[in-house]
Structures are given as structure tokens and as C-alpha cells.
Amino acid sequence: MRYLVLSRPIVNAGDYLFTERSLILLRHLRPDIEFISGHVSDGIDIDYLNSFDSIIVAGGPIFDNRFLTKEAFPLLNYLDDLKPRIHFFCNGFYGKSSDVPYIYIYIYDKNVIEILKKIEYNGGKFAVRDYITEAVLRNNGLSNVFMTGCSAWYDLDYIDKSYIAPDGIKNIIISDPGMTKDKKFHTARFSQVASLVSYILEKFPGTNIKYTFNGGIYTKYSTDFNLRVKDLLEKSNIPYYDISGSADGFKIYNNCDLHIGYRVHSHIYCLSRRISSVLIEEDSRGAGVNGALGLPSIRNYERHSETEFIPNPYLLDQIELYLNELMRENYSRLHCAVERMQAVYQKGLVPFVMNL
């Protein structure tokens, strides 16, 4: 059997990470299947698509009205003539807020729900990376939905290893905000980052602190913001790294004792390798992973919509309380989160892949 695995990495290191981990997992669990990788935006013709037994769309926050259109996702142009089933693998919902009313009132456009229901009617399955995504899909009338976690949760070299609390905090890495495209929010977001950096310097004096730009520094929308942060880091003598363009950049986290930051896949990468991590949630993606792993919700916003970003005035207070709790309780919450990862792997992801 031959399966085509489509994903859409462009710049962000996290996109490359879940793509890489998806292929590793699929090939590990199903050596009887040949998995061929491709990009969602590739100009693939119908004869090529029909040469596969199934098509898998791997990872990313694709369950959004913007990303499930025929323009954004060329494969969907061929649904009427497509022979293989389409399965979604460890994908998520892209929502501005994790507020319950927002999650439960999200409705797919008519053309999008028609596409999803046609895929399901033809035997397609939806493996989702968190319970928020599951709620959105089920609330829109889909039923063939399975919670498997994100493929990036699972590093096969660590899948059977328990979390062990660090013997002190010597090396810390801060990950950058991901939601910095809108210039009208730059001042508020930069002020928050500056406060976070100052807090970490004061909280952990004498430690080695680094900073990662997961989506790059010189970007299409966020260069001005990133350069302000770069200047702040240089004045604070904090080295910074552009880890965009591949999954390899995440290796910088291998020797750290603690990650604190905004990037979901920095958080996931660390936990997958049993490294302590605190995620600051920017939207429903961060809330989804923390909720699925039983970790507290620490949001960078008090209110967030298409037109408004109101920063969380209690962010540093929440981080302080949580860090003190982790240290006092020997990081027991992270131990439980890793156990949760392992349980979802065995009871969610493995059965899903074996039944493809």
C-alpha cells in the first residue's frame, strides 16, 4: 500500500517538527505501508493522487474557514474524482480565543462543512490534537473524530520514559510570540515581552538565558516587532537564535532545564523530551495543548478578537505562582502531563494509525 502524506511547512520551525514527527510515527507503526511526503500547496494532478491508497493531511491548525478552501488547499478541487480516502492526522483548530462561547459558536462556512462532510461520508477520519478541536468538529456535525494529540508530542526515543524534575535551573530558553502580524498590537505585545524578559532575569539570576525566534527575524509581517525584541535582547546580553526553516533548530532546547514562552511547539518539543516547560497561550492552539495535558491556562491576553487585543494584566503573577508551585511540588504537574501524553499515545494515536 502507498499513502500520500501532505503537510504545509513554510517557515515556522513548529510546522517542520510536526511534519517530521508525523512521518516518523506513521512509518514506525505501519511498516507495511509506504508513506510518500508532499506539500499541501503542490500542484498535484488527479492521476497522481489516485495512484495512492489513502491520503493523509498531517498536522497544523488546518480546521479553519480560511484554510479549508479550494484556493488554500488545492487537493480539495479533486474531491469529486478522488478515489483514495482522505484522513486528517493530528490537526488542530485555529481560534483567536479559548473562551467557551467562542469555541462553541464557531460555525464553518457552508462550502467548508460540505467539504468536511463529503470527506467523512467517503470514509475519511479526523485525528485531532486536542479537545477544543474535537468540540469544534463535533459541534459542526462531524462524528468520525478521534483525539490523538499532536504528532510532535511523541519522540520515540522518549516515549517510554518518565518525566524527571531538573536538578536546579541553570539554562533557560524563552520562545518568541507567534501572533505579531498586526502592527496595531505591537506596542502592547512588545511591552509584555520586555516585562517577561525582565522578570526571568530577576527570578533566575546567574542562569544562562537564550531566546528563540521560531518563525524567523526578518519576516513578511513581523520584522519591525522582531527587531525591537532583538535590540532588547542585545541590551540585556541575551543571545538569540533564528530557528526557522527546519525542525533542527529545536535541538537548542536539548540542554535547557526550563522553557518559558509563547511557542506551542517549543512547549511540546520540550515535554516530548521530558524538559520542563511553561507555555503562555496566545490563542486556542496553546489552550488546546495545555488543556489536553492537564496543565494550567496562562493566557497572554485578557480579551482577544479580530479587532482587539487586551493584554492579561496578571500574566507575571500567574507565571510566578505556577513556577513556585512546580518547584514546591517537585514538578508533579509536568510528570502528570507526560503520563497523559503516554496514555493518549497508547489509547488514541496508536489505534488510529493501526486502523487507517
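Just so you know, these numbers come straight off a predicted model, no measurement behind them.
- Taking NZ of K96 as the start and CD of E282 as the end, the distance is 10.0 Å to the nearest 0.5 Å.
- Contact detail for N91 and A58: the closest heavy-atom pair is ND2-C, 3.6 Å.
- Residues I103 and A135 come closest through the heavy atom pair CG2-CB, 4.4 Å.
- A side-chain N or O of S276 and one of Y163 form a donor-acceptor pair less than 3.5 Å apart.
- In this structure, F93 has its ring center at least 6.0 angstrom away from the ring center of F63.
- If you chain together hydrophobic residues whose side chains sit under 4.5 Å apart, Y269 and I174 never meet in one group.
- Ring centers of F35 and Y3: under 6.0 Å apart, within the cut-off.
- Heavy atoms only, all atoms of each residue included: D242 and G216 are closest at OD1-CA, 3.4 Å.
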Assess whether salt bridge (charged side-chain N to carboxylate O under 4.0 Å, His left out) is satisfied between E234 and K230, documenting all intermediate values. CA-CA 6 Å; E234 289 173 347; K230 176 175 171 286; 3.2 Å; yes
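- Aromatic ring centres of Y106 and Y108: separated by under 6.0 Å.
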Check against side chain to side chain contact (heavy atoms under 4.5 Å, CB included), T207 and L258: CA-CA 11 Å; T207 57; L258 175 65; over 6 Å; no
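- Atom CG of L76 sits about 6.5 Å away from atom CD1 of I86, to the nearest 0.5 Å.
- Side-chain atoms of R263 and T212 form no donor-acceptor pair, as typed in the model, at a separation below 3.5 Å.
- Follow the hydrophobic side-chain contacts under 4.5 Å out from F18 and you never reach V128; the two are in separate clusters.
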